[in-house]
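What follows is a single structure, written as structure tokens, with notes after it.
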Amino acid sequence: MVFNSYINAPNSGDERGFFDAKPATYHHEGGFEDVLDVAPGDRLLVRVYIHNNADSLVAKGTELMMFLPRSRKQLQVAAAEIDAENASPRSVSDAITLRSVDAIGLEFDTSEPPQITFRRSPNSEFITKDLPASRFASSGYLTAHLGLWEPGFENGALITAIVRVT
């Protein structure tokens, strides 16, 4: 089994680009990008799309990690990784690039819990709730233990968090 490997998925397009961001003040659909121009004081909504592409194999020990760089620079690259014990490859990763005129730092807004948007059953509406089993190991590292992850598009989900540009 493998995560996010479809190139022409019906709703998500190329799943290999599964980590992106947009200004947190942009409340309309869409607007997510892989490269953003930012400034100190901005807040970003970062998201990860997760989809087990296996026909029937359940992913075991599934984990999500998001990493923010610790240095202050004009060009920052943040990354996300999805990992499972029985996935091949064991992990997949993606990155976003944040550009600024000024040197910037990045940190998770730990006062706002990460969210997950998913369906409880294949034909139900999407719901959003706090992501269980997630924690901020530091202001630059978010991890979530997702456990067993069922295959199929109906089990795909979006995981979001807020990042502050400092």
### Message
Is there a path of hydrophobic side-chain contacts, each under 4.5 Å between heavy atoms of I/L/V/M/F/W/Y residues, joining F118 to L45?
### Response
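L45 and F118: separate clusters.
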
### Query
Going only through I, L, V, M, F, W and Y residues with side-chain contacts under 4.5 Å, is there a path from L44 to L68?
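Both belong to a single hydrophobic cluster.
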
Mind checking whether [X] and [Y] have side chains closer than 4.5 Å, heavy atoms only?
X	Y	answer
T160	T117	no
E150	V58	yes
T166	P40	no
V35	I96	no
L142	M65	no
M66	E81	no
V92	F18	yes

Separation of [Y] [atom2] from [X] [atom1] (nearest 0.5 Å):
X	Y	atom1	atom2	answer
S139	D109	OG	CG	11.0 Å
K129	I116	NZ	CD1	7.5 Å
Q115	I127	CD	CD1	11.0 Å
L36	S100	CG	OG	11.5 Å

Measure from the side-chain N and O atoms of [X] to the backbone N and O of [Y], and report whether any donor-acceptor pair falls under 3.5 Å.
X	Y	value
R119	S124	yes
D42	V165	no
Q76	I104	yes
D37	V101	no
T62	G147	yes

### Task
Assess whether atom CZ of R99 is packed by more than 12 heavy atoms of other residues, nucleotides or ligands within 6.0 Å.
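Correct, the count exceeds 12.
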
### Message
Around atom NZ of K22, are there more than 12 heavy atoms from other residues, nucleotides or ligands closer than 6.0 Å?
### Response
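Result for NZ/K22: enclosed.
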
Which donor-acceptor pairs under 3.5 Å do the side chains of residues 131-138 make with protein atoms, sequence neighbours left out?
from : atom 1 : to   : atom 2 : distance (Å)
S134 : OG     : L131 : O      : 3.0
S138 : OG     : G140 : N      : 3.2
S138 : OG     : Y141 : N      : 3.4

### I50: which of L158, L64, L146 passes side-chain contact (heavy atoms from CB on, under 4.5 Å)
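Considering L158, L64, L146, a side-chain contact (heavy atoms from CB on, under 4.5 Å) with I50 is found only for L146.
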
### Task
Could you check V163, D102, L98, L106 and say which one makes a side-chain contact (heavy atoms from CB on, under 4.5 Å) with V38?
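Exactly one pass, corresponding to L98.
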
### Query
Taking the inter-plane angle between the rings of Y49 and H51 on a 0 to 90° scale, is it parallel (under 30°), tilted (30 to 60°) or perpendicular (over 60°)?
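Rings of Y49 and H51: tilted, as their planes differ by 30° to 60°.
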
### Query
What pair of heavy atoms forms the shortest contact from F19 to V46, and how long is it?
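Smallest heavy-atom distance, with atoms named: CE1-CB, 3.9 Å.
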
### Task
State, to 0.1 Å, how close E29 and Y26 come at their nearest heavy-atom pair, and which atoms those are.
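Shortest heavy-atom separation between E29 and Y26 comes out as O-CE2, 3.8 Å.
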
#### Entry: Partners meeting salt bridge (charged side-chain N to carboxylate O under 4.0 Å, His left out) with E112 (sequence neighbours left out)
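So E112 forms a salt bridge (charged side-chain N to carboxylate O under 4.0 Å, His left out) with R43.
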
#### Entry: Derivation and outcome, side chain to side chain contact (heavy atoms under 4.5 Å, CB included), residues I159 and R47
CA-CA 5 Å; I159 296 170; R47 77 174 177 182; over 6 Å; no

